[in-house]
Amino acid sequence: MGTTTIHFPIEKTTQSRLSQTNFDQLEFGAVNSDHMFVADYVNGEWTSMKIIPFQSISVSPACSALHYAQMVFEGMKAYRASNGDLLVFRPEKHLERINNSNRRMCMPELPSSFFFEAIDQLVHLDQDWIPRKEGCSLYLRPFIFATDPYIGVKPSATYKFIIFTCPVAGYYKGTVNVVVESKFVRAAEGGVGEAKTGGNYAASLLPAKLAADKGYHQILWTDSKEHEFFEESGTMNLMFVINDTLITPPLGGSILPGITRDCILTIARDWGVKVEERKIGIKEIVNAYQNGSLQDAFGTGTAATITHIAKIHHNGADYTLPASEDRVLSNKLNQYLLDIKHGVAEDKFGWVHRINL
Ligand SMILES: *Cc1c(COP(=O)(O)O)cnc(C)c1O
């Protein structure tokens, strides 16, 4: 993929935890596989790339990421096809996005010269950590954080880049009940909502907890100016189907440009479904609900692909959507996208990277 590839040393673990891992009870993100990739940014360049056993790292208490959250992350998945091939879904799109996040957070870009090689080697090395069960995968967590031991507020001169991986189960196929948020905001235009950076998540914890205390799984985030137009659902992008038209809020600066979002829109357009990226707000949803044209609402993201919304709560009223089995379009999109990721359906959009070492 890159022009030149940087090769790096690989130190294998002598104490694999694989045999002690219960693959029948995988909690998302709770188990790490045996190895991780690390690289340091020093003197204006990336150096010291290597794969080592998964282990704790030490940083200065003054490490600037710990104080000012100068960091970015990604979340992507690797799969094992039924013929044994190792597949990584859209790694070049994740590199593009982590570099967009890097620019916003005033951080150095990652070159393709070792990003793809790091992923290939890491997944290849820990391939036995990819759960065998259908729908399961290896979740990859690349992230970069500022390491200057200095508590003045300025961009760090040094950074660490790490990729570790977690075996994850086929995501729980439940629906979510959501509440429209009309006090807090996830992100405002001009802020960092379109960067995949930790602070966005820290800011969402309290509103999410308050919503959970009232019995809701997730928040429907609204715009920061009027609390009228929808932005995202929890940590997923948000889509509606009204009158057979797939509608999603436009990427206006406060919304994270999801790769699953892009996939779903691309496939739907390819199928000839009418797709609209435009503002969509509470009034329109309530209206569509009342006249019977609201067919579907769902979130999209790498973790679950599609998560159906069962109920939307707003201003004391509950809007209950059709049973999730009956949502023909989103179920079809979900299955087709999973089939592409697992190498079952033809990769007609060129999204699947096959590891070939
Ligand atoms: C990562 C993320 C998404 C989903 O992006 P995918 O690329 O589809 O996984 C959506 N919203 C937020 C806030 C995110 O951080």
Side-chain angles (χ1 to χ4, degrees), residues 27-30 65-76 94 97-98 100-102 104-105 107 139 141-145 166 168 171-172 174-240 248-261 279-282 285 297-315:
E27 191 193 328
F28 189 90
L66 293 180
H67 298 267
Y68 308 122
Q70 197 192 9
M71 70 83 65
V72 302
F73 69 97
E74 270 302 323
M76 55 199 285
H94 286 276
R97 185 168 69 187
I98 205 169
N100 288 337
S101 299
N102 278 329
R104 179 62 182 87
M105 301 308 288
M107 293 167 60
Y139 183 81
R141 171 49 62 90
F143 65 111
I144 310 172
F145 63 99
C166 312
V168 294
Y171 214 81
Y172 171 62
T175 56
V176 290
N177 295 333
V178 300
V179 56
V180 176
E181 180 62 63
S182 47
K183 178 179 175 203
F184 298 102
V185 292
R186 192 194 83 88
E189 273 172 49
V192 294
E194 63 184 344
K196 216 165 169 73
T197 185
N200 288 326
Y201 282 73
S204 74
L205 294 177
L206 176 65
K209 183 183 177 298
L210 295 174
D213 289 347
K214 289 187 211 139
Y216 298 99
H217 301 102
Q218 268 179 21
I219 286 170
L220 280 199
W221 298 106
T222 50
D223 74 277
S224 60
K225 289 179 193 137
E226 307 162 75
H227 287 297
E228 169 63 25
F229 295 101
F230 294 116
E231 300 251 306
E232 300 201 46
S233 169
T235 58
M236 298 184 292
N237 293 113
L238 178 62
M239 302 200 177
F240 297 96
T248 193
L251 302 175
S254 56
I255 291 177
L256 197 285
I259 291 167
T260 315
R261 176 187 184 277
K279 286 189 174 194
I280 177 161
I282 297 157
I285 290 304
F298 58 93
T300 69
T302 293
T305 306
I306 279 179
T307 302
H308 286 124
I309 293 172
K311 208 184 274 182
I312 300 174
H313 184 85
H314 175 61
N315 258 354

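The analysis underlying the following values was restricted to heavy atoms, covering all of them including side chains, and did not include hydrogens, waters or symmetry mates.
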(request) Kindly determine whether His227 and Thr222 satisfy side chain to side chain donor-acceptor pair (under 3.5 Å), including the steps that lead there. (result) CA-CA 5 Å; His227 287 297; Thr222 50; 2.9 Å; yes

(request) Determine the minimum heavy-atom distance between Ser233 and Leu238, stating which atoms define it. (result) CB-CD1, 4.0 Å

(message) Tell me the closest heavy-atom pair linking Thr307 and Gly174, and the distance in Å.
(response) CG2-O, 4.1 Å

(message) Between Glu232 (side chain only) and Gly234 (backbone N and O only), is there a donor and an acceptor less than 3.5 Å apart?
(response) no

(request) For the residue pair Leu220 and Ile309, establish whether any side-chain heavy-atom pair is separated by less than 4.5 Å. (result) yes

(request) Look at the rings of Tyr139 and Phe28 and say which category their plane angle falls in: under 30° parallel, 30 to 60° tilted, over 60° perpendicular. (result) perpendicular

(message) Please report the interatomic distance CD1(Ile144) to CZ(Phe73), rounded to the nearest 0.5 Å.
(response) 12.5 Å

(request) Verify, without hydrogens or angle tests, whether Asn237 (side chain) and Gly258 (backbone) share a donor-acceptor contact under 3.5 angstrom. (result) yes

(message) Is it the case that the side chain of His217 and the backbone of Asn177 share a donor-acceptor pair, with hydrogens and angles ignored and the cut-off at 3.5 Å?
(response) yes

(request) Could you tell me whether the side chain of Leu251 reaches within less than 4.5 Å of the side chain of Glu194, counting heavy atoms only? (result) no

(request) Give a yes or no on whether the backbone of Pro257 and the side-chain of Arg97 come within a donor-acceptor separation of less than 3.5 Å. (result) yes

(request) Compare every heavy atom of Thr197 with every heavy atom of Met105, then report the nearest pair and how far apart it is. (result) CE-OG1, 3.4 Å

(request) Could you tell me whether a side-chain N or O of Ser101 sits under 3.5 Å from a main-chain N or O of Lys196, the two making a donor and an acceptor? (result) yes

(message) Looking at Trp221 and Phe230, would you say the former's side chain and the latter's main chain have a donor-acceptor pair under 3.5 Å?
(response) no

(message) Please report the interatomic distance CZ(Phe298) to OG1(Thr248), rounded to the nearest 0.5 Å.
(response) 8.0 Å

(request) Identify the two heavy atoms, one from Ala310 and one from Thr175, that lie closest to each other, and give their separation to 0.1 Å. (result) CB-OG1, 3.5 Å

(request) Please report the closest heavy-atom contact between Glu181 and Pro207, naming both atoms and the distance. (result) OE1-CB, 3.9 Å

(message) Please report the interatomic distance CD1(Ile219) to NE2(His313), rounded to the nearest 0.5 Å.
(response) 12.5 Å

(request) Give, for atom CD of Glu228 and atom OG of Ser182, the distance between the pair rounded to the nearest 0.5 Å. (result) 11.0 Å

(message) Check this for me: does any side-chain nitrogen of one of Glu231 and Arg186 sit under 4.0 Å from a carboxylate oxygen of the other?
(response) no

(message) Donor-acceptor check, side chain of Arg141 to backbone of Glu74, threshold 3.5 angstrom: yes or no?
(response) yes

(request) Considering non-hydrogen atoms only, spot the tightest contact between Val179 and Ala211 and give its length. (result) CG1-CB, 3.7 Å

(message) Distance check, rounded to the nearest 0.5 Å: Asn102 atom CG versus Ile98 atom CD1?
(response) 6.0 Å

(message) Nearest 0.5 Å, please: how far is OG1 in Thr302 from CZ in Arg261?
(response) 14.0 Å

(message) Checking the side chain of Gln218 only, and the main-chain atoms of Val176 only, is there a donor and an acceptor separated by less than 3.5 Å?
(response) no

